[in-house]
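Worth saying up front: this structure is predicted, and the values here are computed from it rather than measured. Each chain gets a letter, A, B and so on, in the order the sequences are listed, and its residues count up from 1.
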Amino acid sequence: MPYDHQAIERKWRQFYEDNKTFECDTRDFSKPKYYVLDMFPYPSGQGLHVGHPEGYTATDIVARKKRMEGYNVLHPMGWDAFGLPAEQFAIKNNVHPEEFTRKNIAHFKEQIKALGLSYDWSKEFATIDEDYYRWTQWIFVKMFENDLAYVSDIPVNYCEELGTVLANEEVVDGKSERGGYPVKRIPMRQWILKITAYAKQLEEGLKDLDWPKSTIEMQKNWIGESHGVEIDFAVKGTKESFQVYTTRVDTLYGCTYCCLAPEHPLVKKLVSPSQREAVLKYVEEASRKSDLARTSLEKEKTGVALGVTAINPINGREIPIYVADYVLGAYGSGAVMAVPAHDERDYAFARKHDLPIIQVLEGDISENAFTGDAKHINSDLADGLDIAGAKAVITKKLVELGKGREKVNYKLRDWVFSRQRYWGEPIPVAQTEDGKEHAVPVKDLPVVLPKMEDYRPAKDGKPPLSKAPKAWLETTYEGQKAVRETNTMPQWAGSSWYFLRYVDPHNQNVLADKELLDHWLPVDLYIGGQEHAVLHLLYARFYTRFLHDIGVLEAKEPFKRLYHQGMILGANGEKMSKSRGNVVNPDDIVRDFGADSLRLFEMFAGPLNESKPWSTSGLTGSRRFIERVYRLVEDFSDKFSDQNSGELDTSYHSLVKKVSADFEALSFNTAIAQMMVFINDAYKAKTIYRPYLEGFVKMFGCICPFVGEELFEKLTGKKGFDYEPWPTYDESKLKKDEVTIALAINGKGRDTLTLPVGASQEEAIEAAKKSEKAMKHMVGTIRKVIYVPGKILNIIVS
RNA sequence: GGGCCUAUGGCGGAAUUGGUAGACGCGAUAGACUUAGGAUCUAUUGGGCAUCCCCCGUGCAGGUUCAAGUCCUGUUGGGCCCACCA
């Protein structure tokens, strides 16, 4: 029978359904555990993208291998289902986001099942399930109780025309991205999570993770730990002082002015009467610029003098104070000491405002600030020292004076956690009439998102839930009248802990049984896109550490090993998009070529972590290889033998060795190449030892499960290879009696030598002398011989 | 501006971590089978050339080494992230 992928897929999908083949008993601790997880998808209206199967196939291969190796494998799937796109689509098309999202989930699930992925569907949930978001809210309540959630008025981008708050990315040059309406920075009440309380832990925890280097770097960068010194500057003629933060305390003698951020509380307090008007105007203008506009405009350094003087604590020098928006209010203390000679920004500002420049390191400052390392000058006790030495003595002096202290700073800011949107988890808080915020008691969770006809943002910038029915809005807290919080959580909330719920998804009493969490966490292998290198992965780490701290689980880190799949690009090497017309629909591929061909192609196209262009001929090649394997089993059974002739020993045992190692390293393309070599050898062989073919089919079946199951049944009569033992290899079968090594003259490869294993240098040279090719180049006397057994014989002559 | 990654045939990519560069696949060429082949099988396939001999070849320029795609220095192009973080 020829290879009919549709019939085979139908048969084995049914088999998997009927037998619940991949259900995992998470309470079975008798076997070692392996938890392999995909980043759960956001079920968009477009359905599955051909990029999805790439990561999913990779984890599936590992899951299948681990099951055969005797692990109890947890391999679940679920849905990240709250979020803005569904809400926007629903508004546009006048449907309810839940209805729309549930439909998308059903579609995604069907598409994923068609791919032969070995998920345990009994663990499935969506973040929009009340049963799930009850615990998302519970975590928030615990954070609130632990002073990690607070409300604050912070500036947001508000667009009056659109009647809504916009994300930074939606604001371009002070105008809304859509419509081009003006956007104001106005303070608005927001819920904030104090992720900065975990900055240090999140930084330190990175060193124990088996994660891609680039992702670790990005997280480090985002957390932005910096070691420096905080210095007190007194304001002349007042009792006021302010702190500056610097990583270059060694340049303190070169400080010729100070700058405060426009948001700095002392600006309005300190400003001299004559400068008051100009300064207030400047501050007002700065506040109107969005963060984006403030940084994307040309790097011109603007600022206004406050008309007051500060005193440099190291030498008593009197210096002017400015307000300037190149100083960030949210970083450090919102104030800097300016050293124009050795900081490019200060240099530009000083030049523009005609401020003095004092050089304190040797170097050229005629055109630019000098920022390298050199001997200090004009620095009193630090003269002659390099940066490190000067930092040490100046810091010591400041500490003695009580005017400075070492300090660690982080770029990481607290997490704005509220959204003025409908399609998210309601924040489980109620406000009593005295204005106090109270967490909803745990027994009253979940706070169910009310069904609403009109869930558009309210015109005055208030969240859609402010239009919810009174019965929902009005509540009580310990007998007092209260109103519910109408902000919702961001999409991140549900994805920050979902990996915990899978171990115990139906638990009604706790978010998951601690015993199960402690057995299964951390996740052993987590695969997903690099676009989540910072936010999702950082939030998930934050949640896990918090939950550890309140005793929910022992693990401190959620994901032990992380890997990013690359993108599947269009055939033209560009990102797939409708406008480029290079989108490939996985449904078409599965229908015409089969899920196995799609899986094989995506794994063979190149290294998992690199982006690869789509290639129809590559897909055809994959299909061709499957047919070649299929034909071998179907049409050449007269070659099969239960006696091992030894013919395929080396080929098979090196195959098992390579595939075992490559699967572990997620190096699927090279594993597949080796499988092709084996099949080529098998075609050439006179007889094929049947157990070798069975072993091959089990490994091949991890990549192409449908045809793998079919062939395994044909070979063995048994249904389902999924819990069969993983093939083993015999190292002694790999050791040949002879090795082929390279023969080089003067470092240049000239020939190969076939030598007995363990041949001595003398034997090797004897053999080399028989090589005509090499002897041609052996002119002169032998100067040196380098012999690396099993690798190379290099003879140096002159 | 800073950080990280990357560069190998016509194409996707291998290379035991310093040891004959180009595994495997795609594409191409020739042949076999066939009514037919866009199926299958066999052979060849980095470039040059005096064609199985030799020379040149891993973005570019240097260096270390008996030996470099691999290590070091510099440089150019591509990708991703952060971006006035004091």
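- Here, B:G46 and B:G9 have their P atoms 13 Å apart, quoted to the whole Å.
- Side-chain atoms of A:A742 lie closest to B:U20 of the nucleotides B:C81, B:C66, B:U20.
- Nucleotides B:A86 and B:C81 are separated by 22 Å at their P atoms, to the nearest Å.
- Exactly one of A:K612, A:Q565, A:R599 qualifies for a side chain to side chain donor-acceptor pair (under 3.5 Å) with A:E54. That residue is A:K612.
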Provide a list of protein-nucleic acid N or O atom pairs under 3.5 angstrom, restricted to nucleotides 16-18 of chain B.
none

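- Take A:Y630 and apply the ring pair (Phe, Tyr, Trp, His ring centres under 6.0 Å) test, not counting sequence neighbours, and it matches A:Y3.
- With sequence neighbours excluded, no residue satisfies ring pair (Phe, Tyr, Trp, His ring centres under 6.0 Å) with A:Y347.
- When heavy atoms are screened at a 4.0 angstrom cut-off, A:G621 is found touching the sugar-phosphate backbone but no base atom.
- Here B:G79 presents its C1' atom at 15 Å from CD of A:E531, a figure rounded to the nearest Å.
- In this structure, A:T256 contributes its side chain and A:P356 its backbone to a donor-acceptor pair below 3.5 Å.
- With sequence neighbours excluded, the residues forming a side-chain contact (heavy atoms from CB on, under 4.5 Å) with A:D210 are A:R561, listed by chain and number.
- Side chains of A:T196 and A:D414: a donor on one and an acceptor on the other come within 3.5 Å.
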Nucleotide-resolved protein contact map, nucleotides 32-55 of chain B, B/S/- at heavy-atom distance under 4.0 Å: -------SSS-----------SSS
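- Here, B:C52 and B:G19 have their P atoms 31 Å apart, quoted to the whole Å.
- For B:G31, the base adopts the anti conformation, since its glycosidic angle falls more than 90 degrees from zero.
- Look at the C1' atom in both B:C55 and B:G18: the space between them is 25 Å, to the nearest Å.
- Separation of the C1' atoms belonging to B:C56 and B:C49 is 11 Å when rounded to the nearest angstrom.
- With sequence neighbours left out, A:V797 forms a side-chain contact (heavy atoms from CB on, under 4.5 Å) with A:I745, A:N746, A:M778, A:I782, A:I795.
- For the pair A:N669 and B:A14, the criterion of a side-chain N or O lying under 4.0 Å from OP1 or OP2 is met.
- Separating the P atom of B:G48 from that of B:G37 is a span of 31 Å, rounded to the nearest Å.
- Between A:M218 and A:V677, the one whose closest nucleotide on RNA chain B sits nearer the 5' end is A:V677.
- Between A:R248 atom CZ and B:A86 atom C1' there is a gap of 11 Å when expressed in whole angstrom units.
- Taking only side-chain nitrogens and oxygens, A:Y326 never comes nearer than 4.0 Å to OP1 or OP2 of B:A86.
- Taking atom P in both B:C72 and B:U64, one finds a spacing of 15 Å when rounded to whole Å.
- Across B:C84, B:G19, B:A23, the shortest atom-to-atom separation from the side chain of A:D325 is found for B:C84.
- With rounding to the nearest 0.5 angstrom, the OG1 atom of A:T251 is 12.0 Å from the CD atom of A:Q359.
- Counting any heavy atom pair closer than 4.0 Å across all strands shown, A:I786 reaches a base atom.
- Qualifying side-chain contact (heavy atoms from CB on, under 4.5 Å) partners for A:K200, counting only residues two or more places apart in sequence or in other chains: A:E204, A:Y410.
- Residue-to-nucleotide contacts include a donor-acceptor pair under 3.5 Å from the side chain of A:K301 to the base of B:C84.
- Distance check, rounded to the nearest 0.5 Å: CZ of A:F601 to CD1 of A:I703 gives 14.0 Å.
- In this structure, the separation between NZ on A:K733 and OG1 on A:T650 is 9.5 Å, given to the nearest 0.5 Å.
- Syn is the glycosidic conformation of B:U17, whose angle stays within 90° of 0.
- Side chain of A:Y257 to main chain of A:D346: a donor-acceptor pair is present (N/O by atom type, distance under 3.5 Å, no hydrogens or angles).
- With B:A86, B:G25, B:C66 as the candidates, the nucleotide lying closest to the side chain of A:K784 is B:C66.
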Worked verdict on A:Y322 versus A:Y282 for ring-ring contact (aromatic ring centres under 6.0 Å, His included): CA-CA 11 Å; A:Y322 278 75; A:Y282 183 80; over 10 Å; no
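- Using a 4.0 Å heavy-atom criterion, one finds that A:D346 contacts no nucleic acid atom at all.
- We find that CH2 of A:W222 is positioned 5 Å from P of B:A83, with the value rounded to whole Å.
- Spacing between atom CG of A:L412 and atom P of B:A83 amounts to 12 Å, rounded to whole angstrom units.
- Near RNA chain B, meaning a heavy atom under 4.0 Å away, the residues from residues 597-618 of chain A are A:F604, A:A605, A:P607, A:S611, A:S617.
- Stem analysis of RNA chain B (Watson-Crick or G-U pairs, both distances under 3.5 Å, runs of at least three) returns B:1-7 with B:76-82, B:10-12 with B:24-26, B:27-32 with B:40-45, B:46-48 with B:54-56, B:59-63 with B:71-75.
- Listed by chain and residue number, nothing satisfies the salt bridge (Lys or Arg N to Asp or Glu O under 4.0 Å) test with A:K403 (two or more places apart in sequence, or in another chain).
- Set against B:A14, B:A86, B:U20, the side chain of A:T247 has B:A86 as its closest nucleotide.
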Check residues 662-673 of chain A and write down every donor-acceptor pair under 3.5 Å in which the side-chain atom is one partner and the other belongs to a residue at least two apart or another chain.
unit_1 : atom_1 : unit_2 : atom_2 : d
A:D662 : OD2    : A:K658 : NZ     : 3.1
A:D662 : OD2    : A:T670 : OG1    : 2.8
A:D662 : OD2    : A:A671 : N      : 3.3
A:E664 : OE1    : A:K65  : NZ     : 2.5
A:E664 : OE2    : A:K66  : NZ     : 3.1
A:S667 : OG     : A:T670 : OG1    : 2.8
A:T670 : OG1    : A:S667 : O      : 3.0

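- Atoms CG (A:N680) and C1' (B:C24) sit 9 Å apart, rounded to a whole Å.
- The residue A:V788 sits close to a base: some heavy atom pair falls under 4.0 Å.
- Taking atom C1' in both B:A68 and B:A30, one finds a spacing of 38 Å when rounded to whole Å.
- One atom, CG of A:N746, and another, P of B:A67, lie 9 Å apart when rounded to the nearest Å.
- Atom P of nucleotide B:A86 and atom NE2 of A:H264 are separated by 17 Å, given to the nearest angstrom.
- Taking the centre of each ring, A:F625 and A:F604 stay at or above the 6.0 Å mark.
- Glycosidic conformation, B:U45: anti, with the torsion outside 90° of 0.
- Here the C1' atom of nucleotide B:A86 and the OH atom of A:Y257 are 11 Å apart, to the nearest Å.
- A:K220 comes within 4.0 angstrom of nothing in the nucleic acid, heavy atoms only.
- When the side-chain contact (heavy atoms from CB on, under 4.5 Å) test is applied to A:T215, the partners found at least two apart in sequence or on another chain are A:W211, A:P212, A:Q530, A:A533, A:L537, A:L562, A:H564.
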